[in-house]
Amino acid sequence: MNVQQRSGSGPLVQSPRSPSSQSPYLTVSVSDPAKMGNGVQAYISYKVITKTNLPEYEGPEKIVIRRYSDFVWLRDRLFEKYKGVFIPPLPEKSTVEKFRFSAEFIEMRRQALDVFVNRIASHHELQQSEDLRIFLQADEQTMERARSQETGIFKKKPADLMQIFKDVQSKVSDVVLGKEKPVEESNPEYEKLKNYIFQLEDHLAEAQKHAYRLVKRHRELGQSLSDFGKVVKLLANCEGNALGKAFTELGAKSEILSIKLQKEAHHLLMNFEEPLKDYVRAVQSIKATIAERANAFRHHYELAEAIKFKEIDMNKLRLTRSEKLGEAEHEYEELKADGAEAARRFDRIVKLMNEEIVRFQEQKTLDMGLAFHEFAKGQARLANSIAEAWRSLLPKLEACSSA
Amino acid sequence: MMGSENNNLPGKGDEEEEEFYHPLSTADQMQTLTLDGDDDYHSLNDDVSASKSYSNYRSAMTTISSSVAEHPLLPPPSIATTPAVADPLLFPPQNPSLDSPSYADVIFSPFHDRFPESNGNGEISGEVTVSSPGSQSSSSEYLNIIVSNPQKEVESSNSIVPAQMFRDYGGSDFSVRRRFKDVVTLSDRLSEGYRGFFIPPRPDKSVVESQVMQKQDFVEQRRVELEKYLRRLARHPVIKKSDELRVFLTVQGRMPLPTSIDVASRMLDGAVRLPKQLLGESRSVVEPQDVVHPAKGGRDMLRFFKELKQSVVNDWGNSRPPVEEEDKEFLEKKEKLWDLEQQLTNASKQAESLVKAQQDMGEVMGELGLAFIKLTKFENEQAALNTQRVRAADMKSVATAAVKASRLYRELNAQTVKHFDTLHEYMGLMLAVHNAFSDRSSALLTVQTLISELSSLHSRAEKLETASSKIFGDDKSRIRKLEDLRDAIRVTEDAKSCAVREYERIKENNRGEIERLDRERQADFVNMLKGFVVNQVAYSEKIESEWAKVAEETSKYVKESM
């Protein structure tokens, strides 16, 4: 499988040419999904294996058991702490009960989780996260405790995120349409970027939808060929020697091709449609970062406004020689400190985003390049099988005519 | 598909309307059709189910033809002109065999073009020389029929839809106008005159309202069906020489075939002799005896009931009928044919669904390609980094391949539809087989009935004779009765001989037809398979090469992500 190839920019953390003792590395794998529990409470657990020589970690290998909500916890913590970074996306929660435990769904999720963790482990900022260490090392009770502490304070409910998206989306479109100007950065390049991200999501979603339908069509064609093959074999019994044999062979080849089609459908799903979905999720994660940046900007701007007013107040008090001046000066200093902090935060987000966008584009070119390759390879392979199967029928058909 | 030029004339008066054969109406009035007591088909259910599958198939054909936007039977022009498609497998001398030989001369076009090669004088046109042993094309006569130009004509209070036909018959062309009712009549006459033969079934009468009759689609559909039907008739080695068909195709004006063979009316009109008189032939005509035709209602009522009684006796009586179907070979073949029918039905259905799946695949592939083209454009327009342009280029090559593959799938499908048409054709022919076999059984029933009648007449005569030997004196009435009986016996004997001859004739027809069916079916199926396989191979190779290119161009990404 191409799992290893899809782990983003690879597991190596730092320069591989470090001359001194073994260079630092951190690789993670998510494997062995297992069903735990019964009935409504049932869930899937995964084995998370960490191999590292980093001093903060218990090396060289550590294995922990994690479930989907643990991954969600990690994502949320990183999102809170590393504003400005495009946090790698998680696969969706399954909405349809029926498929929650289907083999295909589980495998797709496992693959996506593996990619998720590896992307974090190879990101120069995120890999230093304490939360990552907890996620990779802590025993299950600690993990569970950490997870349950999240409710209320740090955990952003999906509804909140949706609201943020909507706000950002409407603000972007307002600006684009030239409507009211809320408290937003007036950075034309950034506006362009926001536009790009929003439109990109639409385009990608459409492509992904068609990719999924293509998978289904492969399956349907496979089924159809299988049914056809069966029926043709029965028809063979009604016909005489050479022709009957030809029909039987036609039926047999149909059934063979049916299997190849099912295989190709699976390959298409895992190696083409899933990367496209991953791309969509990544774009949605960027939108969340955009929202964070907007928040930071607003915060910074509001503080700046507050400082201005405070200054005016202060000067008023100075003129009147009020005894409140001291207090006001004190508050003023505090506000300035906060303001500086907010500005720092905002600037950091801007800087990170600029780096991230470059990384993102590069990464996506690689990811999609590989996905396209797999797609094309699979289609070529399929067409080749089809041609071969039918070609092998020709000698038998020749025998019919000469008979 | 477009209608013929005349249909494009302005004015509502030119809209097609169809009137239907209503056996009970004396005046030909426009009315909503009621399906008449259908005694042409031995079972209405067969009719409906056959027509259902035909309509599904037809709708697939229409969808495909409209999306392909080109003649579904000819190789798509785009393939012919694309230089890259110099594929020997696609355009070899085998190309005509992409049409199964029984359809080598089918044209769906409503326009007035005829085969340039046709000269009707017994030469085989180049197009028909398909290398198939069982094909009928090796016969010396060549009939080319085109049904076109449906038009509404107003005649007094009638509205009729005639169809025009061009035809080669002994070197000349004929063009006549006929309405659907005439087709029904032709079909009826053929089924009576050619008992035991596998006569292709005619298009259905439709149970629809007069509103639908006017719709372009309906008229076009019917035109196509009629053309197919007449061509099938023209290909049947016996039927194509029939007077009925000849009259239908060549006599101008109203068609002079009788609409029923009710014995009384037939005798009254002398209509039976009319076709032969018209054609100027003087060969001696054997007067059709009553028994040569199956019993129907009306004047034949008495005979109908006698045979009904006989069939009940056959089924429920304790003794065996006087004559039985003994031909083991026939019974075996019959069983095999019913099995074939079953398998054909299934195969036909699965072939349809295969075609649909292939169609869907092509469609989605095309949509995927278009979505990527849009993405490519988007990335290129918005590109701030070079890596975006690289990605856009990759996307473009994928999109191009997808769009090409989509087109190839759809073209392949159009060809596949043609090939599988053979299955549908033979499935439709099974109805004709049923009819031919029931001709045989009803002829047998007639024989059995007559034999029973004879034996009862004989026993009555015996009783009268033995009675007379006991009584002296005046038994004039008894003698008269006896004479009457002896007359009746004589007539019945004649009828029985006739019926037996008829039965033997039908048996022979059956036998010949079965053999012909097996032979032709073998050849047609081989051609179907060949055509299908050759096509699949050619197109798959093409599709493979498109994708292989893209795989090659993107192979660098595999190394990079290692």
Side-chain angles (χ1 to χ4, degrees), chain A residues 4-6 10 192-193 195-196 199-200 203-204 206-207 209-211 213-214 217-218 220-221 223-225 227-228 230-232 234-235 237-240 243 246-247 250 357-358 361-362 364-370 372-373 375-377 379-380 383-384 386-387 390-391 393-394 397 400-401, chain B residues 131-133 336 339-340 343-344 346-347 349-351 353-354 356-358 360-361 364-365 367-368 371-372 374-375 378 382 384-385 387-388 390-391 394-395 397-398 401 405 521-522 525-526 529-530 532-534 536-537 540-541 543-544 547-551 554-558 560-562:
Chain A
Q4 296 311 312
Q5 293 162 347
R6 288 208 61 245
K192 207 166 156 236
L193 176 70
N195 258 324
Y196 168 78
Q199 286 180 52
L200 182 63
H203 280 111
L204 286 176
E206 192 189 337
K209 183 180 82 170
H210 290 306
R213 286 170 68 220
L214 189 65
R217 296 291 172 265
H218 275 73
E220 286 162 13
L221 185 58
Q223 184 60 47
S224 195
L225 268 171
D227 294 338
F228 180 72
K230 290 199 182 71
V231 147
V232 159
L234 289 176
L235 190 56
N237 296 332
C238 300
E239 299 294 347
L243 183 58
F247 268 125
L250 183 80
I357 199 72
V358 174
Q361 296 287 28
E362 276 170 11
K364 279 315 165 194
T365 299
L366 293 177
D367 288 344
M368 288 316 292
L370 183 62
F372 291 150
H373 176 77
F375 178 39
K377 207 170 73 170
Q379 290 297 305
N384 180 274
I386 293 175
W390 295 132
R391 216 181 282 123
L393 214 59
L394 282 170
L397 287 175
C400 287
S401 318
Chain B
S131 56
S132 82
K336 284 184 91 177
D339 187 33
L340 176 70
Q343 303 314 330
L344 269 179
N346 294 341
K349 197 173 70 160
Q350 288 310 132
S353 101
L354 179 63
K356 179 163 188 307
Q358 229 172 236
D360 288 345
M361 177 77 107
V364 175
M365 187 65 87
E367 286 167 1
L368 182 69
F372 273 120
K374 280 196 267 181
L375 249 175
F378 173 71
Q382 306 264 341
L385 299 164
T387 181
Q388 286 174 271
V390 170
R391 191 175 343 129
D394 292 334
M395 250 179 227
S397 74
V398 169
R521 188 179 78 245
Q522 170 108 350
F525 278 176
V526 169
L529 290 181
K530 267 203 196 142
F532 171 74
V533 162
V534 163
Q536 289 278 339
V537 169
S540 299
E541 284 173 348
I543 291 174
E544 180 190 351
W547 288 118
K549 260 191 289 183
V550 177
T554 53
S555 57
K556 59 192 181 205
Y557 293 105
V558 178
E560 276 182 44
S561 71
M562 285 292 198

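Being a predicted model, the structure only gives us computed values, none of them experimental. Within every chain, numbering begins at 1; the chains are lettered A, B, ... in the order of the sequence lines, protein sequences first and strands thereafter.
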Residue pair A/L394, B/V534: steps toward the side-chain contact (heavy atoms from CB on, under 4.5 Å) verdict: CA-CA 8 Å; A/L394 282 170; B/V534 163; 4.1 Å; yes
Verdict with supporting geometry, A/R391 and B/E541, salt bridge (charged side-chain N to carboxylate O under 4.0 Å, His left out): CA-CA 11 Å; A/R391 216 181 282 123; B/E541 284 173 348; 2.7 Å; yes
Criterion salt bridge (charged side-chain N to carboxylate O under 4.0 Å, His left out) on B/K356 and A/E220, from CA distance to verdict: CA-CA 10 Å; B/K356 179 163 188 307; A/E220 286 162 13; over 6 Å; no
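Note: A/S224 OG to B/M361 CE = 10.5 Å, rounded to the nearest 0.5 Å. To the nearest 0.5 Å, the span separating CZ on B/F532 from CH2 on A/W390 amounts to 4.5 Å. If you take CG on A/L393 and NZ on B/K530, they are separated by 11.5 Å, rounding to the nearest 0.5 Å. Distance CG/A/L221 to OG/B/S353: 9.5 Å, rounded to 0.5 Å. In this structure, CG on A/N195 lies 7.0 Å from CD on B/Q382, to the nearest 0.5 angstrom. The distance from the CD atom of B/Q343 to the CG atom of A/L235 is 6.5 Å, given to the nearest 0.5 Å.
In this structure, chain B has heavy atoms under 4.5 Å from both the backbone and the side chain of A/Q199. Contact of B/L385 with chain A is made through the side chain alone, with heavy-atom distances under 4.5 Å. Looking at B/V533, both its backbone and its side chain come within 4.5 Å of chain A, counting heavy atoms on both sides. Contacts of B/A351 with chain A are made by both backbone and side-chain atoms, with heavy-atom separations under 4.5 Å.
When the candidates B/I543, B/D394, B/L375, B/V550 are compared by the number of heavy-atom contacts under 4.5 Å with chain A, B/L375 comes out ahead. The greatest number of non-hydrogen atom pairs below 4.5 Å with chain A, out of B/E367, B/K374, B/M395, is found for B/E367. Note on B/A357, B/S540, B/A371: by heavy-atom pairs under 4.5 Å with chain A, the leading option is B/S540. Considering only heavy-atom pairs separated by less than 4.5 Å from chain A, the leading option among B/L340, B/L354, B/N346 is B/L354. With respect to chain B, the highest number of heavy-atom pairs below 4.5 Å among A/N237, A/L214, A/L204, A/L193 belongs to A/L214. Contacts with chain A were tallied for B/M365, B/K336, B/K549; B/M365 has the most, counting heavy-atom pairs under 4.5 Å. When each of B/V390, B/D360, B/D339 is checked for heavy-atom pairs under 4.5 Å with chain A, B/D360 comes out on top. Ranked by heavy-atom pairs shorter than 4.5 Å toward chain B, the options A/K209, A/H218, A/K192 are led by A/H218.
Ring orientation note: the planes of A/F247 and B/F525 are nearly perpendicular, at an angle over 60° on the 30°/60° scale.
The two residues A/Y196 and B/Q388 come nearest to each other via the heavy atoms OH-NE2, 3.1 Å. Of all heavy-atom pairs between A/E362 and B/T387, the closest is CA-OG1, 3.7 Å. Between A/H210 and B/V364, the closest heavy-atom pair is O-CG1, 3.6 Å. Shown here for B/L529 and A/A246, the closest heavy-atom pair between the two residues is CD1-CB, 4.1 Å.
B/F372 and A/F372 have their aromatic ring centers within a separation under 6.0 angstrom. Between B/Y557 and A/H373, the ring center distance fails the sub-6.0 Å criterion.
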